[in-house]
Amino acid sequence: MQPDESLRGSYGGSRLTPEQALPDLRAFDGRGHLAHELREIAPDPRDAAILEAIAEGTDWMTDVLQRLVRADTTLGNEETGQAIVREVMRELDLAPVDVRMDEAALRAHPLASPFDWETDGKANVVATWEPDAGASQGGRSLILNGHIDVVSPEPLSQWGERDPFGGEHEDGWVYGRGAADMKCGLAAIFGAVRGLRRLGLSPGASILLESVVEEECSGNGTLQTLLSGYAADAAVVAEPFGAAITTSQVGVLWFKVRITGLPGHAAEGRNATNAIEKSLSVIQFLRALETEMNAAPPAPYNLFTAPITLNVGAIRGGDWASTVPGVCVTHYRIALFPGMRVADLQSRIEQIVAEATADQPGVAEVVYGGFATEGYDIADDHPVVTTLAGAFARQAGAPPALVSTTGTTDAGIFGNAGGIPAVCFGPFAEHAHGVGERVYVPSVVQTAQVMGLMIRDWCGLSG
């Protein structure tokens, strides 16, 4: 997940009660709404066995989550976590398949994000749970998707004595980088399937379990699974939105601005062009774009104070205090509303950078790498939304919130590139991408239970 001013937990603050992780619209600052048609949910006597079987796997799910968190799966290191994923899938009597990143195929796809890092040796891992021979079929197929990659835990000094890859379990919370975003979702997916299998149940349609790479930088991992032929009637991405189904998300664009100045001795700085100072000017011009995009946001983003945020994520320039720096490269992230085209935003950025450096033409270059994804939304009354909401309401005793987010997820890849209706739903977590990242274990179990009911309602179960 690429969070900004999201609607839950660590992305903007949450007042959800973790003991229940039930929906409370106050937690969403008025930016969500309940699935009103689900206010009167009759209990289903078939639910109890599924809920109990999945809950019995609490310790197993916690162990799986801790094993995953202890694996450093930052960009380029994802294989350490995927090895654990394969082991877990085999524990579930499923056959994991490596879906290798195909650099040529990705670069040729119009919706792939550009990248400048190595993809050799990287694999997404997919396992398919097929209906048993002779089992009742005719249900709808489903993808349960999560990503194994995590962002850097730096600065490590701010974690104090806690190891960001320690996976400690304390007072109902598991701590560590990726505990929230989003290895907790993978643990819940596996826990749901384990509980159903232990009941001897078989789905009425194919269920694909996916652990993908590069969600935190491009979405190309999930795109690769689509290019490799893995598809279904719907997808649930197990991002940690806690008691909420995410039905709308922004797109995200990453870009760099390289300023080439004129180096010289600091004592004669008037005769040089300071690339760092020129970069600061570009930042101010881009801030005006941020203000412009926030002036009249479309619904539902008009409910946010400032849904579009320009983030200056990294800046590198200069190498000597007494030398006027000749080069400075600044990295940015900015969002775009559903319906906006990436190409149009790129053109606007290039125009603004040119205006900011008009006094010295040719000093600036805009380079794209990483996210270049468009926004995505799905109707509140789409069957995958109402089916998942109904499953949640029966488990929790109250309907979920349906929300929008100013972050982006792989749900947009499914919807935009694969034509597969997709939503996000996952555990309750805090401080994702931050210090002290953690997830509330009972909410992981709750997510698994809701997924178990969703599988029965969407795919059908027999046994």
Side-chain angles (χ1 to χ4, degrees), residues 2-5 74-77 107 113-119 151-159 164 214 216-218 251-295 306 308-336 342-373 433-435:
Q2 278 292 311
D4 186 357
E5 189 189 353
T74 48
L75 185 64
N77 302 309
R107 293 194 188 281
S113 293
F115 55 95
D116 56 8
W117 52 82
E118 291 293 328
T119 60
V151 300
S152 168
E154 294 290 349
L156 295 178
S157 60
Q158 294 190 15
W159 286 76
E214 296 195 8
E216 294 286 6
C217 57
S218 68
V252 164
L253 177 65
W254 281 8
F255 63 100
K256 295 178 283 189
V257 179
R258 177 185 174 89
I259 301 293
T260 302
L262 182 63
H265 195 290
E268 299 175 349
R270 294 182 183 86
N271 299 320
T273 300
N274 191 308
I276 293 177
E277 292 186 4
K278 181 62 68 173
S279 294
L280 298 178
S281 175
V282 170
I283 291 173
Q284 293 307 308
F285 272 72
L286 289 169
R287 287 290 178 205
L289 171 64
E290 176 188 46
T291 300
E292 173 188 315
M293 294 178 69
N294 282 317
I308 300 299
T309 301
L310 175 76
N311 186 60
V312 183
I315 184 166
R316 298 179 178 88
D319 61 359
W320 197 255
S322 290
T323 298
V324 176
V327 175
C328 183
V329 179
T330 308
H331 298 238
Y332 300 89
R333 180 266 197 202
I334 194 168
L336 57 155
V342 166
D344 293 338
L345 181 57
Q346 290 173 328
S347 296
R348 186 77 179 97
I349 288 169
E350 291 163 16
Q351 177 188 3
I352 289 171
V353 171
E355 292 171 356
T357 58
D359 58 330
Q360 293 170 310
V363 305
E365 177 188 14
V366 181
V367 180
Y368 301 101
F371 278 110
T373 62
H433 289 215
V435 174

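Sequence positions, counted from 1, serve as the residue numbers for this chain.
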Would you call the rings of Tyr332 and Phe255 parallel, tilted or perpendicular, taking 30° and 60° as the class edges?
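Taking Phe255 first and then Tyr332, their aromatic rings lie parallel (interplane angle under 30°).
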
For the residue pair [X] and [Y], what are the closest heavy atoms and their distance?
| X | Y | result |
| --- | --- | --- |
| Ala266 | Val324 | CA-CG2, 4.2 Å |
| Ile276 | Gly317 | CD1-O, 3.6 Å |
| Leu345 | Leu289 | CD1-CD2, 4.3 Å |
| Glu350 | Tyr368 | OE2-OH, 2.7 Å |
| Ser113 | Ser218 | OG-O, 3.1 Å |
| Cys217 | Trp117 | SG-CZ2, 3.5 Å |

Quick check on side chain to side chain contact (heavy atoms under 4.5 Å, CB included): which of Val342, Val252, Asp344 does Leu336 satisfy it with?
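The side chain to side chain contact (heavy atoms under 4.5 Å, CB included) with Leu336 is passed solely by Val342 among Val342, Val252, Asp344.
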
Nearest 0.5 Å please: distance from the [atom1] atom of [X] over to the [atom2] atom of [Y].
| X | Y | atom1 | atom2 | answer |
| --- | --- | --- | --- | --- |
| Leu286 | Glu292 | CG | CD | 11.0 Å |
| Leu280 | Gln284 | CG | CD | 8.0 Å |
| Asn271 | Leu262 | CG | CG | 8.5 Å |
| Arg348 | Ile334 | CZ | CD1 | 10.5 Å |
| Glu214 | Thr119 | CD | OG1 | 7.0 Å |
| Thr273 | Ile259 | OG1 | CD1 | 10.5 Å |

Evaluation steps, side chain to side chain contact (heavy atoms under 4.5 Å, CB included), between Ser279 and Val257:
CA-CA 8 Å; Ser279 294; Val257 179; over 6 Å; no

If we only count heavy atoms from C-beta on, is the [X] to [Y] side-chain gap below 4.5 Å?
| X | Y | answer |
| --- | --- | --- |
| Glu216 | Leu75 | no |
| Asp116 | Lys256 | yes |
| Asn274 | Pro325 | yes |

Ignoring hydrogens and geometry, is there a side-chain-to-backbone donor-acceptor pair from [X] to [Y] under 3.5 Å?
| X | Y | answer |
| --- | --- | --- |
| Trp159 | Pro153 | yes |
| Thr373 | Gly251 | no |
| Arg316 | Val327 | no |
| Arg287 | Leu310 | yes |

